[in-house]
Amino acid sequence: MDRKPRQTPATQHQGHARALGAGVLRAASWAGAVTRAHAHRTRGLLALTVLLLAAGGVLAALHSHHRPSSQASRPGLIPRLDSPAPTADAEPAPRIVGTPEVGRTLAVSFGAQLRAVRGRSYEWHRCAPPGHPCAAIEGASGPSFSPTFEDLGETLEVTVRAPAATGHITERSAATSVVIGTRNVYISQSGSGRATGSDCANARAAAWFDDASHWGSGSHAIRAGTMIHLCALISTPLIFHASGTHDRPITLYFEPGAKIALPVCPGRRAGCIDTNGNSHIWIDGGVNGSIRNTENGTALAHHQGESYGIEASDCNGCRIENLTIADLYTHTSPTDATIDATENRGITFSGSNLTIAHNTLHDIGWALVAEWSAHDRFVSIAHNNVYRIDHGLALTAAFSGGSIGPISVYGNAFHGYANWDTGTDAYHHDGIHCFSADARGYTPHYNGLYIYDNRFGGPTGVDMTAQIFIEGGSGEGSTPCADSTSKIWIFDNVASASSPIYNGIFGVYAGTPRVYSNTLTGSHASTGVCYRTAPPAARERFEDNLLASCNILIVGSPATFARLDYNLYASGGENAFVCGARFYAFRQFAKWRRCMRADSHSHAVRHPPVNGDGRPPNGSRSQTRGVNLSRSCRGPTEDLCSALNGHRRRSRGMWTIGAY
């Protein structure tokens with residue numbers, strides 16, 4: 001870009017004329033000074049000499065003005081009486097100093113020549129992305145400038161003008177990086193005060209938020225980098241109409257005491273909060289933010305199954321944190337089988353670089369539901385507390401081709417399903433259920449599904465399928481979780497059942513499972529199944545697991561396992577071990593091992609070597625009998641080398657068996 005104003009021949013001629021006049025005056029002044037100083041000696045001759053020299057300088061200047069530039073630049077043609085002053089061309093361009101962030105002050109820095117000139121003027125410019133024009137910022141005419149929310153996402157430049165012998169010098173700085181910062185807008189249900197959005201006392205109305213014309217551009221619009229603060233009670237749904245960016249998300253923040261409460265939140269592709277297909281949205285419940293239905297449930301005014309707390313499909317770069325989502329359907333009777341629990345959802349989500357963390361969800365049909373699209377990846381579902389639900393987390397996909405993951409599910413608590421029991425088994429309960437949707441025979445591929453450091457508990461109820469159910473099957477009508485090449489890691493989890501679970505506390509029927517260091521405890525040695533696996537799960541590795549207090553401790557076949565060893569079995573029943581179609585009582589452990597051709601380093605004990613919370617008591621035989629799996633602690637599975645209680649496992653020597 002040309003940083004100086006273009007000069008016409010006329011302005012160039014005027015500049016030379018002014019320079020010529022100044023030269024004559026300087027020469028005459030110098031001649032006069034010399035003449036007065038030496039008048040008593042050579043008054044006539046010296047004065048004449050000086051005048052001739054001055055005249056010669058003037059003539060040379062006139063001659064050089066009409067001479068071609070190539071000759072004018074040749075040395076020796078114009079006598080020089082002193083060193084020339086620096087020119088504007090030698091002066092470095094001004095630059096903007098400081099961090100381009102809303103509220104911070106930027107200053108102009110320039111070289112010594114411009115710094116010495118008085119009468120400088122400034123004009124700051126706001127510049128859109130490259131290829132778009134810049135516009136002068138009204139009122140920004142000083143040597144410093146503080147970006148405002150109007151400047152978010154754009155760059156800044158400054159033009160400096162200074163007087164000079166030729167008229168003026170104009171220099172323009174390089175552009176800053178993109179202006180960053182957070183614009184705050186406060187929202188209440190009906191607005192308040194002056195409705196400027198400056199704080200909760202002057203909040204804009206929820207209807208203003210839902211109006212698409214208030215999103216995207218303009219000094220007051222919601223756009224990338226905006227933080228929206230919710231104030232008090234919001235009683236209508238909120239809909240997003242724009243995306244943030246990876247470095248400037250749009251954040252919806254619940255001020256203390258703020259909540260969204262409706263008789264019934266809207267259903268599919270809506271919700272009490274709808275991200276509306278936008279990305280880089282952060283929803284933060286703050287201290288005690290919540291979303292609730294107030295009148296939906298067995299004994300309440302509404303019996304509506306289809307109701308979503310948050311709809312966040314295709315939400316790339318999104319975060320949903322610190323929220324309580326509750327009472328979307330309060331199920332209180334085994335005779336209530338009136339709703340479709342699969343459509344009563346706390347959070348429905350999909351996308352990449354997505355985090356669902358530190359939320360509490362309860363009294364909901366299906367609390368967390370992922371409806372994956374092809375190539376969704378880098379998703380974390382972490383540290384959520386989920387209870388009084390039919391399903392805790394459902395992982396679903398309805399596409400062929402492509403892949404999902406890595407997906408990490410860790411540090412969560414899934415517990416309490418019995419309130420969703422019915423006499424007709426209308427709602428089968430799962431802590432985590434992975435399957436493919438629509439029964440079209442799809443077999444999605446997971447590029448890593450990691451389920452670890454979770455706690456699963458009761459009351460589990462009588463309609464429980466599994467605490468972890470990795471669904472299998474093949475062909476039309478089946479709904480398998482994943483294809484046979486999908487790596488599914490399940491480690492460091494503690495799970496229990498207060499009632500018999502016949503599909504397995506963990507039922508793993510797909511992928512290439514890696515099942516390490518889990519503790520599974522059933523309700524009694526006379527009933528239920530602790531662990532069950534079958535094809536199409538293949539090449540499974542099952543090590544360092546503790547299974548206790550189930551009639552059937554483990555179901556499998558030699559063809560399923562690539563490695564089965566270093567496990568601890570306790571308090572099994574008359575069908576404790578199943579090898580293919582053969583059943584072995586707990587006392588027949590040795591025969592089962594021969595049938596499986598595995599588990600040579602595993603052992604069985606009569607009494608469960610765990611406390612009520614799944615921890616092994618001091619001196620338990622499980623503490624020193626496990627294989628060292630340090631070789632597997634890499635990348636997403638690094639936490640395998642730390643027990644559920646956070647203690648680092650040995651880098652050498654035997655590991656403890658189970659999650660602790």
Side-chain angles (χ1 to χ4, degrees), residues 362 367 383-393 409-421 428-433 451-470 490-508 515-533 542 544-555 567-573 575-576 586 604-617 620-623 626 643-645 656-660:
H362 66 85
H383 304 296
N384 299 287
N385 185 19
V386 184
Y387 60 96
R388 291 179 61 85
I389 36 81
D390 178 43
H391 268 52
L393 168 63
V409 182
Y410 61 94
N412 303 282
F414 300 98
H415 54 109
Y417 315 84
N419 64 298
W420 282 86
D421 280 350
H428 66 92
H429 322 320
D430 295 282
I432 296 176
H433 183 187
I451 302 173
Y452 62 96
D453 287 359
N454 301 287
R455 291 176 168 86
F456 302 83
T460 46
V462 298
D463 295 340
M464 193 84 188
T465 303
Q467 293 283 18
I468 295 180
F469 183 23
I470 306 299
I490 302 173
F491 61 89
D492 286 351
N493 300 284
V494 169
S496 64
S498 62
S499 303
I501 298 177
Y502 295 101
N503 202 54
I505 297 175
F506 286 1
V508 180
V515 183
Y516 298 137
S517 300
N518 299 283
T519 297
L520 310 184
T521 307
S523 58
H524 195 273
S526 63
T527 188
V529 179
C530 278
Y531 186 81
R532 186 189 290 268
T533 187
F542 190 88
D544 284 1
N545 296 288
L546 193 161
L547 311 180
S549 299
C550 294
N551 179 36
I552 299 178
L553 294 173
I554 184 169
V555 179
N567 301 294
L568 174 62
Y569 306 97
S571 188
N575 300 291
F586 184 72
V605 297
R606 183 169 297 278
H607 299 291
V610 292
N611 296 319
D613 61 358
R615 296 173 184 266
S620 167
R621 294 179 65 183
S622 70
Q623 291 185 335
L644 183 60
N645 57 12
T656 58
I657 295 176
Y660 292 100

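The figures that follow rest on heavy atoms only: side chains count, while hydrogens, waters and symmetry mates do not.
Residues G461 and S498 approach most closely at N-OG, 4.3 Å, considering heavy atoms. P608 approaches A548 most closely through the heavy-atom pair CB-CB, 4.1 Å. Between I501 and G504, the shortest heavy-atom contact is CG2-O, 3.4 Å. Nearest heavy-atom pair across T533 and V508 is OG1-O, 2.7 Å. Considering all non-hydrogen atoms of both residues, S523 and P500 come closest at OG-N, 3.8 Å. Closest heavy-atom contact between R532 and Y502: NH2-O, 3.0 Å.
At least one donor-acceptor pair under 3.5 Å links the side chain of N545 to the backbone N or O of S517. Although no hydrogens or angles enter the test, the distance criterion places a donor-acceptor pair under 3.5 Å between the side chain of T460 and the main chain of S499. Between the side chain of N567 and the backbone N or O of D544, at least one donor-acceptor pair lies under 3.5 Å. Side chain of T519 to main chain of A659: a donor-acceptor pair is present (N/O by atom type, distance under 3.5 Å, no hydrogens or angles).
Residues satisfying the side chain to side chain donor-acceptor pair (under 3.5 Å) criterion with N454, sequence neighbours excluded, are N412, N493. By the ring pair (Phe, Tyr, Trp, His ring centres under 6.0 Å) test, Y531 is found to be paired with F542, residues two or more places apart in sequence or in another chain being considered. By the ring pair (Phe, Tyr, Trp, His ring centres under 6.0 Å) test, Y452 pairs with Y410, F491, sequence neighbours left out. Applying the side chain to side chain donor-acceptor pair (under 3.5 Å) test to Y516 and every residue at least two apart in sequence or in another chain returns nothing. Residues that satisfy the ring pair (Phe, Tyr, Trp, His ring centres under 6.0 Å) test with Y387, not counting sequence neighbours, are H362, H415. Shown here are the side chain to side chain donor-acceptor pair (under 3.5 Å) partners of D421, two or more places apart in sequence or in another chain: H429.
Here the CG atom belonging to L553 is positioned 8.0 Å from the OH atom belonging to Y569, to the nearest 0.5 angstrom. I451 CD1 to I468 CD1: the interatomic distance, rounded to the nearest 0.5 Å, is 5.0 Å. The structure places CG of L568 at 4.5 Å from CG of L546, a figure rounded to the nearest 0.5 Å. Annotation: the span from S571 atom OG to H524 atom NE2 amounts to 7.5 Å, rounded to 0.5 Å. Summarising the geometry, atom CG belonging to N419 is positioned 9.0 Å from atom CG belonging to D390; distances are rounded to the nearest 0.5 Å. Note that the CG atom of L644 and the CZ atom of R615 stand 7.5 Å from one another [nearest 0.5 Å].
Between I389 and Y417 there is a side-chain heavy-atom pair separated by less than 4.5 Å. Using a 4.5 Å cut-off on side-chain heavy atoms (C-beta onward), I490 and N518 make contact. A 4.5 Å side-chain heavy-atom check between Q467 and L520 finds every atom pair outside the cut-off. No side-chain heavy atom of V610 sits under 4.5 Å from any side-chain heavy atom of Y660. With a 4.5 Å cut-off on side-chain heavy atoms, V529 and C550 do not count as touching. Considering only heavy atoms from C-beta on, F414 comes within 4.5 Å of L393 through its side chain.
Between H433 and H428, the ring-plane angle classifies as perpendicular under the 30° and 60° cut-offs.
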